[in-house]
Amino acid sequence: MADDCFIKNEKLYQIYRALGISEAVYEYGEKYCKLLKPRFCEMDRVAEYNQMKVLQAMQKNRVSEVHFAATTGYGYNDLGRDTLEQVYADIFHTEAALVRPQLTCGTHALAIALFSNLRPGDELLSPVGKPYDTLEELIGIRESMGSLKEYGVSYRQVDLLEDGSFDYDEIKKAINEKTKLVTIQRSKGYQTRPTLSVERIGELITFIKECKPSVLCMVDNCYGEFVEVIEPSDVGADLVVGSLIKNPGGGLAPIGGYICGKKEAIAQAAYRLSAPGLGKEVGASLGLNQSFYQGLFLAPTVVAGALKGAVFAANLYENLGFRVIPNGTESRHDIIQAIEFGSPEGLIAFCKGIQAAAPVDSFVEPEPWAMPGYDSDVIMAAGAFVQGSSIELSADGPIQPPYAAYFQGGLTWYHAKFGILKSLQQMVQEGLVQINPVVIH
Ligand SMILES: *Cc1c(COP(=O)(O)O)cnc(C)c1O
C-alpha cells in the first residue's frame with residue numbers, strides 16, 4: 001500500500017512539475033497534506049453529514065426533472081422555484097425561504113431582509129461590531145442614497161470586547177423600545193475579529209431574546225454555510241441570509257441569494273422583493289433552477305474542499321513565519337483565510353500565484369489598482385467561471401500594512417492546493433521566502 005502510494009506520488013509530481021512547481025515546494029506541501037490528514041478527515045465527516053442533509057431535503061420534496069423547467073414572464077406557478085424554496089427551508093430548518101435569481105447578490109439579499117422587516121422609527125442593532133463594508137451604505141453608517149437611515153431607521157452598534165467576546169452589559173443597554181432587528185455577522189469578513197461559531201451565535205441570540213423576546217435576530221451567513229453541521233437557524237435565528245455565488249451555490253449557481261426564516265419575516269421579504277400584493281407568486285426562474293439544485297447538491301463537498309485549502313494555506317504560511325488568521329490549528333467557522341505578508345511584494349506575489357493556478361484567465365497578471373471605496377490600491381486574483389464568484393479560488397488585499405491577502409474558495413480541494421503551491425512557488429522564485437523544515441504542532 002505504502003509503496004503503491006509512493007509510485008503514484010512520483011507520477012503526481014511529474015504533472016505538478018510540468019505546471020511549474022519545484023520539488024522543494026511540492027514536498028513541503030506533501031508533508032502538510034500528511035500532517036493535516038486527521039483534520040481533513042473531520043471536514044469530510046462534516047461534508048458527509050451535510051450531503052445527507054441536502055439529499056434528505058431533496059428526496060422529501062420529491063425533486064424531479066419537471067423542477068428544472070424554465071419559466072418566463074411573471075413566473076406564476078414556477079414549481080421548480082417553489083420546491084427549491086421548500087428544500088432550502090428544510091435544510092435550514094425554517095418555516096419558509098426565499099431563494100431567487102432576482103436576489104442579485106449577498107448585499108441585495110441582506111438589503112431585502114432588512115428593508116422589509118424594518119419600519120420608520122425602528123432601530124437596528126449590530127452587537128458584533130462593524131458589519132461588512134457594503135452594509136455601511138445600506139444602513140447609512142456611510143452617507144448614501146436610499147439607506148435605511150434615509151427611511152428613518154436608526155442604527156446602534158456594540159463592539160466585541162478586546163478578547164473577541166460579546167459585551168453583554170453594553171448589548172443589554174443598547175436594546176431599547178425601538179430595537180426591532182438585531183443583525184449578527186457570522187464571518188469576520190475582512191476584519192481581524194474571530195469568526196463566530198454557530199454555537200456562539202446561539203448564546204448571543206438566547207441572551208438577546210431574554211432582553212427582548214419580540215426582537216428579530218438575523219444572521220448574515222455569508223461564507224458560513226455547510227462549514228458546520230448546524231446553521232444559525234438551528235440555534236434561534238429568525239432570519240438567515242446569504243449569497244448563491246458563495247457556499248450554497250456550490251459554484252454552479254450563476255447568480256442569486258437566499259433568505260430563510262420565520263414565515264412572517266419571509267413574507268415581508270417577498271413583498272419587498274416583488275411588490276405588495278404579489279410577494280412570492282411572481283419571479284420567473286428563467287431556466288436557472290437546475291444549476292441552483294445541482295449547486296446546492298454539490299455545496300457540502302465544495303465547501304469542504306475550500307476549507308481544506310484554507311487550513312492548508314494557514315499551516316504552510318504560518319510555518320514560514322507569516323501571521324495567519326485563523327491560525328493553523330484553530331477550529332473553522334467560515335472559509336476565509338487571511339495571511340499577512342508584511343510587504344507589498346509578498347502580497348502581490350501571492351495573488352499572482354493564485355491567478356496563475358486558475359482554470360480561467362491563468363495567463364493574466366493581476367496588478368494593484370485604485371478601487372472605489374478604498375483609500376489604497378487593491379490587488380485581486382480571480383480566474384472564475386462565474387464573475388466575482390468567491391466560492392471559486394480567489395484572493396485580494398489592499399496594498400497597505402500589514403499587506404494581508406484574504407483568500408477563499410476552490411471548487412475542489414486539489415485546485416485550492418495547487419493555487420497555494422503556485423503562490424508559494426511565486427514567492428520562492430522572487431526570493432521572498434525560503435522553505436523551512438516542517439514543524440509538527
Ligand atoms: C460577501 C459578503 C457580503 C455581501 O455579499 P455580496 O454578494 O458581495 O454582495 C455580506 N456579508 C458578508 C459577511 C460577506 O462575506
Side-chain angles (χ1 to χ4, degrees), residues 98-115 124 126-139 141-142 144 146-148 157 160 181-198 200-201 217-228 231-232 237 239-251 253-260 273 292 295 299 303 306-307 310 325-326 332-338 371-374 378 380 382 384 386-397 404-409:
L98 194 62
V99 186
R100 306 276 167 136
Q102 287 82 11
L103 291 167
T104 51
C105 61
T107 306
H108 187 205
L110 288 159
I112 292 293
L114 290 170
F115 274 93
L124 170 68
S126 170
V128 296
K130 188 185 95 63
Y132 196 75
D133 273 12
T134 55
L135 265 72
E136 290 188 17
E137 278 159 302
L138 198 171
I139 295 168
I141 300 170
R142 260 186 290 150
S144 131
S147 67
L148 282 169
Q157 178 177 313
L160 294 173
L181 198 150
V182 171
T183 179
I184 301 164
Q185 186 178 306
R186 176 173 175 179
S187 168
K188 67 182 172 305
Y190 301 127
Q191 290 174 267
T192 46
R193 73 153 166 97
T195 287
L196 303 176
S197 68
V198 174
R200 286 193 68 205
I201 290 172
C217 291
M218 181 189 89
V219 174
D220 174 353
N221 207 26
C222 282
Y223 288 129
E225 300 90 351
F226 301 128
V227 171
E228 301 181 43
E231 298 292 339
L239 282 160
V240 180
V241 185
S243 162
L244 298 196
I245 62 166
K246 292 179 181 171
N247 304 16
I255 190 170
Y258 75 88
I259 308 173
C260 294
L273 177 63
F292 288 173
V303 169
L307 265 183
I325 308 153
R332 300 278 162 155
H333 311 289
D334 70 5
I335 62 168
I336 301 180
Q337 180 65 48
M371 298 266 302
Y374 291 86
V378 176
M380 294 191 171
V386 171
Q387 187 197 99
S389 164
S390 47
I391 187 61
E392 299 187 49
L393 191 65
S394 47
D396 49 75
Y406 295 88
F407 99 95
Q408 65 274 312

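For clarity, every value in this text was computed on a predicted model and none was experimentally measured. Both counts, for ligands and for their atoms, begin at 1 and track the order of listing.
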**Request:** Identify, by atom number and element, the atoms of ligand 1 in contact range of Tyr223, meaning under 4.0 Å from any of its heavy atoms.
**Result:** 15 (O)
**Message:** Just to check, does Lys246 reach to within less than 4.0 Å of ligand 1 when the distance is taken from its heavy atoms?
**Reply:** yes
**Message:** Tell me whether ligand 1 is touched by Leu110 - counting only heavy atoms on the residue side and a distance under 4.0 Å.
**Reply:** yes
**Item:** Considering all heavy atoms, the nearest Phe292-Pro101 contact
**Value:** CE1-CD, 3.7 Å
**Message:** According to side chain to side chain contact (heavy atoms under 4.5 Å, CB included), who are the partners of Ser197, at least two apart in sequence or on a separate chain?
**Reply:** Glu199, Arg200, Glu228, His333
**Fill in**
With sequence neighbours left out, the residues meeting side chain to side chain contact (heavy atoms under 4.5 Å, CB included) with Ser394 are Ala382, Ser390, Gln408
**Message:** Measuring from atom CD of Glu231 to atom CZ of Phe226, what distance do you get when rounded to the nearest 0.5 angstrom?
**Reply:** 6.0 Å
Is there at least one pair of N or O atoms, one from [X] and one from ligand 1, spaced under 3.5 Å apart?
X	value
Gly106	yes
Tyr132	no
Asp220	yes

**Donor-acceptor contact present, side-chain Gln185 to main-chain Val128, <3.5 Å** = no
**Item:** Asn221, Asp220, Asp334 screened by side chain to side chain donor-acceptor pair (under 3.5 Å) with Arg186, the one that passes
**Value:** Asn221
**Item:** Mode of Gln185 contact toward ligand 1 - side chain, backbone, both, neither (heavy atoms, under 4.0 Å)
**Value:** side chain
**Complete:** for atom 4 (C) of ligand 1, nearest protein heavy atom and its distance come out as Thr107 OG1, 3.3 Å
